[in-house]
Engineer: 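Right, I'll just put the structure down here and ask away after.
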Protein chains: 2
Amino acid sequence: MTRVDDLHTTAAARLRAAGQRYTGAREALVVALAGAGKPLTIADVLAACPGVPQSSAYRNLAALEQAGVVRRVITDEDFARYELAEDLTEHHHHLVCSSCGRVEDVTIPGDLESSMDRTLDRLARRTGFAQVSHRLDLIGTCRDCA
Amino acid sequence: MTRVDDLHTTAAARLRAAGQRYTGAREALVVALAGAGKPLTIADVLAACPGVPQSSAYRNLAALEQAGVVRRVITDEDFARYELAEDLTEHHHHLVCSSCGRVEDVTIPGDLESSMDRTLDRLARRTGFAQVSHRLDLIGTCRDCA
DNA sequence: CTTCCTGCAAAAGTTTTGCATTAAC
DNA sequence: GTTAATGCAAAACTTTTGCAGGAAG
């Protein structure tokens, strides 16, 4: 079974667990997000999934998010972006260009990641907050805008 | 000169540098943000500044943001929040409750902060990205929702 | 007196929803 | 067959903008 089959099997299972179905439109959305290498806007998604109307894209992305297959990504743009849930991809962060708004995925060396995790764990413990996750983005200037 | 006077002097100077004026409405917005202890929504701001119409709030917050007095804060809600620019407040991060959406400011011990900064600096250097700033939020469950 | 700000109302943009129909299981 | 998904259009919501009048420097 290939990694892609695995992805679809997992997506279908999570939807089923939520009482929902893994339809063609939903599979198309997952394929688009899996191949992008960065979080996609609704416009990106619609371009990658011709024939899927906007309202279905919104509704299906919401369903996939509730099922834990997709994550809605926050940016400083005034529209949302979507990517696959973290446990379906490599752990990564985002580089956000403050000049052109471009967003790229970035993975960092394991030792940096674990140093970061240790720091965040200590931070969570000291604040008495039940930490579920963190959100870390680097905001700067991309190579094209520099 | 008190700290509050200082805040208003700085705000006025930054606006003036951008060719803009420190009017009563803008002062009211700054006072509201300075006293909140957390990033405010537009609704919060309007409640704290009676008589300021919505369009003026948006326009003035945008002007204050461009002048470097105010920062627009990104959350996973579908509306924006605003706080004073970081150099006008203590450096802090945000605790975001994934259950009720509540956002709180949090400051962390200096040693944790500098360990974090070192990690982020190394991260920026290795990615070849011109790092300007970072965005770090803790997302978890607040004391009321636990 | 020139430039910027204000306030109202209308518009623009993204996202959500009602409803009848179709598809999935 | 029963339940959920689809597609269209219309609505809801946050945010932006045009314009005429008023305030600031």
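Within every chain, numbering begins at 1; the chains are lettered A, B, ... in the order of the sequence lines, protein sequences first and strands thereafter. Worth knowing before you read on, the calculation uses all heavy atoms, side chains too, and leaves out hydrogens, waters and symmetry mates. None of the values given here were measured: they were computed from a predicted structure.
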Engineer: Can you tell me which residue pairs pass the ring-ring contact (aromatic ring centres under 6.0 Å, His included) test with a partner in residues 17-47 of chain B, sequence neighbours excluded?
Structural biologist: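 Residue pairs with at least one partner in residues 17-47 of chain B: B/His8-B/Tyr22.
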Engineer: Should the heavy atoms of other residues, nucleotides or ligands under 6.0 Å from CD of A/Gln66 be counted, would the total exceed 12?
Structural biologist: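 Not more than 12 within 6.0 Å, no.
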Engineer: Using side-chain hydrogen bond (donor to acceptor under 3.5 Å, both in side chains) as the criterion, list what pairs up with A/Ser115, not counting sequence neighbours.
Structural biologist: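 Applying side-chain hydrogen bond (donor to acceptor under 3.5 Å, both in side chains) to A/Ser115 gives B/Thr119.
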Engineer: Between B/Glu27 (CD) and D/dA23 (C1'), how many Å, whole number?
Structural biologist: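 Nearest whole value for this atom pair: 16 Å.
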Engineer: Take nucleotides 7-15 of chain D nucleotide by nucleotide from the 5' end and write B, S or -, depending on whether a protein heavy atom sits under 4.0 Å from the base, only from the sugar-phosphate, or from neither.
Structural biologist: BBB----SB
Engineer: In whole angstrom, give the distance that lies between atom CD1 of A/Ile74 and atom P of C/dT14.
Structural biologist: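 Distance, rounded to whole Å: 16 Å.
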Engineer: Do A/Thr9 and A/Asp6 get their side chains close enough for a donor-acceptor pair, meaning under 3.5 Å?
Structural biologist: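 There is no such pair (donor and acceptor under 3.5 Å, judged by atom type) between the side chains of A/Thr9 and A/Asp6.
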Engineer: Figure out the CG/P separation between B/Leu15 and D/dG25, and round it to whole Å.
Structural biologist: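 Rounded to the whole Å, the gap is 11 Å.
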Engineer: Tell me which donor-acceptor pairs under 3.5 Å the side chains of residues 52-64 of chain A have, and how far apart each pair is, sequence neighbours excluded?
Structural biologist:
unit_1, atom_1, unit_2, atom_2, d
A/Asn60, OD1, A/Arg26, NE, 2.7
A/Asn60, OD1, A/Arg26, NH2, 3.2
A/Asn60, ND2, A/Ser56, O, 3.1

Engineer: Figure out the CG/P separation between A/Leu61 and D/dA5, and round it to whole Å.
Structural biologist: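 Spelled out: CG on A/Leu61 to P on D/dA5 is 14 Å.
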Engineer: Please report how far the helix from C/dC1-D/dG25 to C/dC25-D/dG1 bends, comparing the axis fitted to its first five pairs with the axis fitted to its last five, to the nearest 10 degrees.
Structural biologist: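 End-to-end axis angle for the helix from C/dC1-D/dG25 to C/dC25-D/dG1: 40°, rounded to 10°.
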Engineer: Tell me the salt bridge (charged side-chain N to carboxylate O under 4.0 Å, His left out) pairs involving residues 7-20 of chain A, sequence neighbours left out?
Structural biologist: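 Every salt bridge (charged side-chain N to carboxylate O under 4.0 Å, His left out) pair that includes a residue of residues 7-20 of chain A, provided the two are not neighbours, is A/Arg14-A/Asp87.
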Engineer: Please report, to 0.1 Å, the donor-acceptor pairs under 3.5 Å made by any side chain of residues 31-38 of chain B, with sequence neighbours excluded.
Structural biologist:
none

Engineer: Side-chain N or O of A/Asn60 versus OP1/OP2 of D/dA5: is the shortest distance under 4.0 Å?
Structural biologist: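 Answer no for this pair, as no side-chain N or O of A/Asn60 is under 4.0 Å from OP1 or OP2.
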Engineer: To the nearest angstrom, how far is B/Tyr22 atom OH from C/dT6 atom P?
Structural biologist: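 Going from OH in B/Tyr22 over to P in C/dT6 covers 12 Å.
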Engineer: What's touching nucleotides 2-4 of chain D from the protein side, N or O pairs under 3.5 Å?
Structural biologist:
unit_1, atom_1, unit_2, atom_2, d
D/dT3, O2, A/Arg21, NH1, 3.4
D/dT3, O2, A/Arg21, NH2, 2.7
D/dA4, O4', A/Arg21, NH1, 3.3
D/dA4, O4', A/Arg21, NH2, 3.0

Engineer: How would you list all residue pairs meeting salt bridge (charged side-chain N to carboxylate O under 4.0 Å, His left out) that involve residues 93-103 of chain A, not counting sequence neighbours?
Structural biologist: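 Those involving residues 93-103 of chain A are A/Arg102-A/Asp144.
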Engineer: With sequence neighbours excluded, tell me which residues meet side-chain hydrogen bond (donor to acceptor under 3.5 Å, both in side chains) with B/Glu83.
Structural biologist: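 Scan of B/Glu83 (side-chain hydrogen bond (donor to acceptor under 3.5 Å, both in side chains), adjacent residues dropped) gives B/Arg71, B/His92, B/His94.
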Engineer: Using the side-chain hydrogen bond (donor to acceptor under 3.5 Å, both in side chains) criterion, which residues pair with A/Thr75? Sequence neighbours excluded.
Structural biologist: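 For A/Thr75 the side-chain hydrogen bond (donor to acceptor under 3.5 Å, both in side chains) partners, ignoring immediate neighbours, are A/Glu77.
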Engineer: List for me each residue that meets side-chain hydrogen bond (donor to acceptor under 3.5 Å, both in side chains) alongside B/Asp117, sequence neighbours excluded, and say none if there are none.
Structural biologist: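 So B/Asp117 forms no side-chain hydrogen bond (donor to acceptor under 3.5 Å, both in side chains) with any residue.
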